[in-house]
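Here's the structure we're looking at; comments come further down.
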Amino acid sequence: MISTQDWADTRRLWDYHQMGHVPQPCSVAIGLGSHDLGVADTAVDLYERGMVPLLVFTGATSPTTRDRMPRGEAVHYRERALERGVPSSAILVEPRARNTGENIRFSRELLEDAGVDVTSVLLISKFHEERRAYATARKLWPEVEIVSASSPMTLNKYVDFIGDARLVIDMLAGALQRLLVYPEQGFMISQQVPSGVIDAYERLCRRGFTSRLLRDVQGHNLDLSQTRG
C-alpha cells in the first residue's frame, strides 16, 4: 500500500532530481542511453531548435534494455534520430558505456578523437537522472559548461509509462542514495541536499522502498551534515 505520505515524499524526490536548467545553445548534445527513446526524441527536438550542431548518443545494453534495444541503446537512439530526419553527419555513436561515468568519459574521448572543440554540453537524460548526470559530468569533465535537459514529464505520467508505481519510488530513492554516497567515492561532485529531501528519502527507505538501493552501503550510517541544506 502506497500512502499519501509516501506520494508526498516521492514528489519531493522527483522535484529535486530535476535541475531546472533552461536549454541553451551548446557545442554538442549528449544523450545518455536508457530504456527510454524519449531521450533521443528530446535530443532531436533540441537539434531542430538549433541548440546544437551535433548529437552524441552513448550506451551499450543493460538487463533492462537488452530485449527492447538488442543493437545497443546508442544505436537505437541513432536510428530514432535518423527516422526523424537528422542527417547521419550530425550524429556520433558511443556504443560501449554501461554506466553514467562511462557515458561521460567515453563520449569525451569520442569527441576528442573526432576533433570536436567542446566548451559546453547539453546533457540529456531520463527525468529523474538529471541531477546525477550533471554531478557526474561536472566531476569528470569540469572544464566544460554542463546544461541538463530531459523530456517534459510529470510524475504521474512516468508512473503510467513504467506501469509499476512501487518500482518508480524505488528508483527515485536509489537515485537519491547515489547522490549521497557517490561523491565520497569520487564518482561525482557533492551537492547540497535540502533537509526536507533527505527526510523524505529516509521515510521512504523505512517504508521499504529499497529495491534499487546499493546493498553494500544500504546499512551505512551516512554523515549527512555536509549535504543537508
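To the nearest 0.5 Å, atoms CD (E73) and OG (S34) are separated by 6.5 Å. One finds the CD1 atom of I189 at 5.0 Å from the CD atom of Q191 (value rounded to the nearest 0.5 Å).
Side chains of T100 and N103: a donor-acceptor N/O pair is absent below 3.5 angstrom, by distance only. Side-chain atoms of S27 and T119 form a donor-acceptor pair, as typed in the model, at a separation below 3.5 Å. Donor-acceptor pairing under 3.5 Å is lacking for the side chains of S125 and R132.
Counting heavy atoms from C-beta on, the side chains of L123 and V147 never come closer than 4.5 Å. Residues H76 and P70 have side chains in contact (heavy-atom distance under 4.5 Å, counting atoms from C-beta outward). When side chains are defined from C-beta on, I162 counts as touching H35, because their heavy atoms get closer than 4.5 Å. Looking at heavy atoms from C-beta onward, L155 lies in side-chain contact with V168 at the 4.5 angstrom threshold. In this structure the side chain of Y47 reaches within 4.5 angstrom of the side chain of P87, judged on heavy atoms. The shortest side-chain heavy-atom distance between L111 and L54 falls under the 4.5 Å cut-off. In this structure, the side chains of N156 and R11 come closer than 4.5 Å at one or more pairs of heavy atoms. Two residues are said to be in side-chain contact when any heavy atoms from C-beta on lie closer than 4.5 Å; Q177 and Y201 meet this criterion.
Enclosure of atom CZ in R131 by more than 12 non-hydrogen atoms of other residues, nucleotides or ligands within 6.0 angstrom is indicated.
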Evaluation steps, side chain to side chain donor-acceptor pair (under 3.5 Å), between Y134 and R138
CA-CA 6 Å; Y134 172 83; R138 284 290 312 279; 2.9 Å; yes
Show the numbers, then the answer: is there a side chain to side chain donor-acceptor pair (under 3.5 Å) between S88 and R78?
CA-CA 8 Å; S88 178; R78 177 181 183 274; 2.9 Å; yes
Kindly determine whether E102 and R96 satisfy side chain to side chain contact (heavy atoms under 4.5 Å, CB included), including the steps that lead there.
CA-CA 8 Å; E102 290 185 349; R96 299 179 295 138; over 6 Å; no
Go through the steps to decide whether L55 and V28 satisfy the test side chain to side chain contact (heavy atoms under 4.5 Å, CB included), and finish with yes or no.
CA-CA 6 Å; L55 305 179; V28 62; over 6 Å; no
Let's go through L110 and V56 carefully: what are the C-alpha distance in whole Å and the side-chain angles of both, what is the deciding distance for side chain to side chain contact (heavy atoms under 4.5 Å, CB included) to 0.1 Å, and is it a yes or a no?
CA-CA 9 Å; L110 177 67; V56 173; 4.2 Å; yes
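Listed for the R166 side chain is no donor-acceptor partner under 3.5 Å among the backbone atoms of I2. No donor-acceptor distance shorter than 3.5 angstrom exists from the side chain of T65 to the backbone of T61, with no hydrogens or angles considered. Although no hydrogens or angles enter the test, the distance criterion places no donor-acceptor pair under 3.5 Å between the side chain of H17 and the main chain of A175. In terms of modelled atom types and a separation under 3.5 Å, the side chain of T210 and the main chain of L213 share no donor-acceptor contact. With hydrogens and angles ignored, the 3.5 Å screen pairs a side-chain donor or acceptor of D6 with a backbone N or O of S3. Under the 3.5 Å distance criterion, the side-chain polar atoms of S107 are left unmatched by any main-chain donor or acceptor of I104. Counting only distance, with no hydrogens or angles, the side chain of H21 and the backbone of S148 share a donor-acceptor pair below 3.5 Å. In this structure, S151 contributes its side chain and G38 its backbone to a donor-acceptor pair below 3.5 Å.
Nearest heavy-atom pair across P23 and M51 is O-CE, 3.8 Å. G101 approaches L140 most closely through the heavy-atom pair O-CD1, 3.5 Å. The minimum heavy-atom distance linking I124 with A29 is given by the pair CD1-CB, 4.0 Å. In terms of heavy atoms, E145 sits closest to Q24 at OE2-NE2, 3.0 Å. V118 approaches V144 most closely through the heavy-atom pair O-CG1, 3.6 Å. When all heavy atoms of A133 and L32 are compared, the closest pair comes out as CB-CD1, 3.6 Å.
Sorted by first and then second residue, the salt bridge (Lys or Arg N to Asp or Glu O under 4.0 Å) pairs with a member in residues 39-48 read D41-R80, D41-R84, D45-R84, E48-R84; sequence neighbours excluded. Residue pairs meeting the ring pair (Phe, Tyr, Trp, His ring centres under 6.0 Å) criterion with at least one partner in residues 77-133, sequence neighbours excluded, are F57-Y77, F127-Y158, H128-Y158.
Salt bridge annotation for E94-R105: absent, with no cationic side-chain nitrogen under 4.0 angstrom from a carboxylate oxygen. D36 has no carboxylate O lying under 4.0 Å from a charged side-chain N of K126, or vice versa, which leaves the two without a salt bridge.
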